[in-house]
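Naming: A, B, ... by sequence-line order, numbering from 1 per chain.
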Protein chains: 2
Amino acid sequence: MRYSPSKENYLKTIFHLQEEEGVVTTNALARALDTSPASVTDMLKKLKTQKLLLYEKYKGFKLSLEGRKVALQIIRKHRLWEVFLVEKLRFGWEEVHEIAEELEHISSKKLVDHLDKFLDFPTTDPHGDPIPDANGKIPLIKQISLRDLPINIIAAVCNISDQSPEMLELLTHKGIGLGTKLEIKKKFSFDNSLELNIRNHQPITISENVARNVFVTHEE
Amino acid sequence: MRYSPSKENYLKTIFHLQEEEGVVTTNALARALDTSPASVTDMLKKLKTQKLLLYEKYKGFKLSLEGRKVALQIIRKHRLWEVFLVEKLRFGWEEVHEIAEELEHISSKKLVDHLDKFLDFPTTDPHGDPIPDANGKIPLIKQISLRDLPINIIAAVCNISDQSPEMLELLTHKGIGLGTKLEIKKKFSFDNSLELNIRNHQPITISENVARNVFVTHEE
DNA sequence: TTAAGTTTTTAGATTTGTCTAAATTTAAAT
DNA sequence: ATTTAAATTTAGACAAATCTAAAAACTTAA
C-alpha cells in the first residue's frame with residue numbers, strides 16, 4: 001500500500017509523540033505538524049478508515065500495528081538518507097533534516113535497501129538516533145546520563161535536563177547540543193570530570209555536574 | 001520559485017516534446033502525460049499566468065525562457081539521480097527511470113550540486129543522454145551512425161533506423177537496445193565489421209550493415 | 001466555401017488536504 | 001453539581017489537480 005506524503009507525515013509524527021509522551025492528543029499533533037486541530041481531526045478519520053490508527057472521537061488515539069509499521073519505514077528512510085547526506089555528500093549534520101523530510105517520501109523499497117547496503121548498514125543516523133532495519137526493528141538504545149557512559153563509546157546527546165541559560169551557554173560554548181555525537185576519552189577520578197571527543201573538534205573537558213545533566217543514547 | 005511536482009512534470013514533458021517535434025499540441029501533451037486534453041488546457045492556463053509558458057488559446061504553446069530553465073533543472077536532477085542509482089547503488093539502467101521520476105522533484109539546489117560533485121560531474125546519464133550543468137547548459141551531443149563512431153568513445157544508442165523484426169531480433173540477441181551504452185574496440189577493414197564493448201558484457205561483433213542502421217550519441 | 005471532422009476549450013463535478021468559525025464533548029473548579 | 005474552561009469535532013468553504021460531457025474554434029475536403 002502507498003500513502004500520500006501528508007499521511008506519512010501524520011503517521012511519523014504520531015509515532016514520535018507516542019514515544020515521547022505515551023499519549024497523543026489532537027492539539028499536540030496539530031502543534032507538531034504546524035496545522036489546525038480541525039485538520040488533524042479530518043485526517044484522523046481518514047487514517048482510521050484505512051486501519052492505520054485506533055481512534056474513537058473524543059477518546060484519544062494511537063497507531064495500529066500497520067500504522068506503526070508504516071511510520072517505522074518512513075523513519076528508516078529519513079535516517080538512512082541523513083547518513084547518506086552527511087557521510088557521502090558531506091553535508092553538515094545540522095542541515096540534513098530538512099532535505100531528508102523530502103527524501104523520506106520516495107517510495108521504492110528497493111531503493112532504500114540498496115541505499116542501506118551502500119552505506120554499509122548503519123545503525124544510527126548523524127544525530128545518534130537508531131535506524132530501524134528492513135523489518136522495522138529498532139536497535140535498542142537506552143538513554144543514560146553522560147556521567148554513566150562507558151569510555152570510548154560513541155553516543156549522541158538526546159536530552160539536557162537542566163535547561164537554564166547558564167547551562168545552555170556553557171554547552172553551546174563547548175559545542176554540545178541536542179544530537180551532538182561524542183565519546184568519552186578519559187575520566188578523572190579526582191573530581192569525576194570528563195574529557196570528551198566531539199566530531200571534528202579538539203577534546204573538551206566538562207565537570208561531573210554538567211555531565212549529570214546531559215543525557216545520551218548509544219547502541220547496545 | 002518552487003513549483004508543484006505536477007507543474008514540473010508538465011514543464012519537463014513540454015520540453016521533451018519541443019525537442020522532438022518542434023511544435024507541441026494539447027493532444028500530444030495529454031497523451032505524453034497520460035491525462036485528458038481538458039486537464040492540459042487547465043494547466044496551460046496556470047503555467048501561462050506564472051509566465052512559464054507562451055500560450056494563446058487555440059494558437060499552440062511553447063516554454064518561456066523561465067519555463068525552459070525550470071525544465072532543464074528537472075532534467076538535470078533526473079539524470080544525475082539515474083547516474084547515482086546505476087553507478088553507486090548498482091541498479092540496472094533499465095530500472096532507474098521510474099525511481100528518478102520521484103527523485104527529480106526533491107527541491108534542494110545544494111543537494112543536486114553536492115550529488116553532481118559526488119558523482120564527479122558526469123556529462124551523460126546511464127542511457128547516454130546529456131546532463132545539463134548547474135546553469136542549464138547541455139553538453140552538445142550529435143547523433144551519428146555507429147559506423148562513423150570513432151574507436152574507444154563511449155556512446156549511447158538513440159535511434160535504430162531499420163525497425164524490421166529481423167533487425168530487432170538481431171539487436172536484442174546482441175544486447176543492443178535504445179539507450180545501450182557501447183564503445184567500439186576494433187574495426188576490421190576486411191568487411192568493416194565492428195567489435196563492441198557493452199557495459200558488463202562480453203565483446204560482440206556486428207556487420208557494417210547493422211552498424212549503419214544504429215545511431216548513437218556521444219559527448220563532444 | 002460550407003459541411004464535416006478534429007482539436008481545443010469551457011462548464012461543472014470530484015478528491016485531497018487544508019482552513020475558519022461555530023458547536024459539542026470532556027475536564028476542572030468552585 | 002453546576003458552571004466555566006479547554007479540547008475536540010462538525011460545518012461549510014477553498015485551492016490544486018484532475019475528470020466527463022458539451023460547446024467552440026480551427027482545418028480540411030468536397
Side-chain angles (χ1 to χ4, degrees), chain A residues 1-14 17-18 20-63 67 70-71 74 101-102 104-107, chain B residues 1-14 17-18 20-63 67 70-71 74 101-102 104-107:
Chain A
M1 203 50 193
R2 220 165 138 170
Y3 306 100
S4 71
S6 184
K7 278 190 182 136
E8 292 188 344
N9 282 335
Y10 271 84
L11 294 173
K12 185 187 58 166
T13 308
I14 294 169
L17 290 176
Q18 265 184 204
E20 279 170 40
E21 310 288 332
V23 190
V24 190
T25 66
T26 303
N27 271 350
L29 187 49
R31 229 174 298 123
L33 289 166
D34 194 27
T35 186
S36 70
S39 306
V40 169
T41 302
D42 286 347
M43 184 60 93
L44 293 182
K45 280 192 266 182
K46 292 174 197 163
L47 294 176
K48 188 196 173 180
T49 58
Q50 278 178 102
K51 299 202 189 302
L52 296 166
L53 200 67
L54 305 172
Y55 164 68
E56 295 306 325
K57 56 184 191 175
Y58 293 110
K59 294 283 169 58
F61 50 90
K62 65 175 183 177
L63 294 177
V70 175
I74 307 303
E101 286 288 299
E102 285 189 65
E104 72 190 6
H105 301 295
I106 304 294
S107 58
Chain B
M1 201 48 193
R2 216 165 142 171
Y3 306 100
S4 70
S6 183
K7 276 188 183 139
E8 292 187 344
N9 282 334
Y10 270 86
L11 295 172
K12 185 187 60 167
T13 307
I14 294 168
L17 289 176
Q18 266 184 202
E20 280 169 37
E21 311 288 331
V23 190
V24 190
T25 65
T26 303
N27 272 348
L29 186 50
R31 228 174 300 123
L33 289 166
D34 194 26
T35 186
S36 70
S39 306
V40 169
T41 302
D42 286 347
M43 185 60 93
L44 293 181
K45 280 191 268 183
K46 290 174 199 163
L47 294 175
K48 187 196 174 177
T49 57
Q50 278 177 105
K51 295 201 192 302
L52 296 166
L53 201 66
L54 306 172
Y55 163 68
E56 295 305 326
K57 56 184 189 175
Y58 294 110
K59 295 281 171 58
F61 51 92
K62 64 175 184 177
L63 294 177
V70 176
I74 307 302
E101 286 287 299
E102 286 188 63
E104 72 190 5
H105 301 295
I106 304 294
S107 58

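Nucleic acid contact class of B:K45 (heavy atoms, under 4.0 Å, all strands): sugar-phosphate only. Residue A:T41 is classed as a base contact, given a heavy-atom separation below 4.0 Å to a base. When heavy atoms are screened at a 4.0 angstrom cut-off, B:Y3 is found touching no nucleic acid atom at all.
The CG-C1' distance, from A:N9 to C:dG17, rounds to 12 Å in whole Å. With rounding to whole Å, A:L44 atom CG is found 12 Å from C:dT18 atom P. Distance A:Y10 OH to C:dT16 P: 15 Å, rounded to the nearest Å.
A salt bridge is defined here as a Lys NZ or Arg NE, NH1 or NH2 lying under 4.0 Å from an Asp or Glu carboxylate O, and B:E56 with B:K45 fails to meet this definition.
A donor-acceptor contact shorter than 3.5 Å links the side chain of B:E102 to the backbone of A:S107. Under the 3.5 Å distance criterion, the side-chain polar atoms of B:Q18 are matched with a main-chain donor or acceptor of B:L63. A distance-only check finds no donor-acceptor pair linking the side chain of B:K12 to the backbone of B:A71 [under 3.5 Å].
Of all the residues in residues 54-61 of chain B, B:Y55, B:K57, B:Y58 reach under 4.0 Å from DNA chain C with at least one non-hydrogen atom. At a non-hydrogen distance threshold of 4.0 Å, A:T35, A:S36, A:A38, A:S39 from residues 31-39 of chain A come into contact with DNA chain C.
Closest contact between the side chain of A:M43 and the listed nucleotides C:dC19, C:dG17, C:dT8 involves C:dG17.
Separation of atoms NZ (B:K62) and CG (B:L53) is listed at 10.5 Å; rounding is to 0.5 Å. Between B:L54 atom CG and B:F61 atom CZ the span is 11.5 Å, to the nearest 0.5 Å.
Partners of B:E8 according to the side chain to side chain contact (heavy atoms under 4.5 Å, CB included) rule, which considers only residues two or more places apart in sequence or in another chain, are B:Y3, B:I74, B:H105. The side chain to side chain contact (heavy atoms under 4.5 Å, CB included) search around A:K46 returns A:K7, A:M43, not counting sequence neighbours.
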Name the atoms and distances for all side-chain donor-acceptor pairs under 3.5 Å in residues 26-39 of chain B, with sequence neighbours left out.
{"unit_1": "B:S36", "atom_1": "OG", "unit_2": "B:S39", "atom_2": "N", "d": "3.2"}
{"unit_1": "B:S36", "atom_1": "OG", "unit_2": "B:S39", "atom_2": "OG", "d": "2.8"}

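Using a 4.0 Å cut-off, no side-chain N or O of B:T25 falls inside it from OP1 or OP2 of C:dT7. When the side-chain nitrogen and oxygen atoms of B:N27 are compared with OP1 and OP2 of C:dT8, one or more of them lie within a distance under 4.0 Å.
Taking each heavy atom of B:Y55 and B:L44 in turn, the nearest pair found is CE1-CD1, 3.8 Å.
A nucleotide of DNA chain D counts as in contact with chain A when one of its atoms lies under 4.0 Å from a heavy atom; the first and last such, 5' to 3', are D:dA7 to D:dT10.
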Original post:
Can you list the steps and then say if A:Y10 with A:V40 is a side chain to side chain contact (heavy atoms under 4.5 Å, CB included)?
Top reply: CA-CA 9 Å; A:Y10 271 84; A:V40 169; 4.1 Å; yes
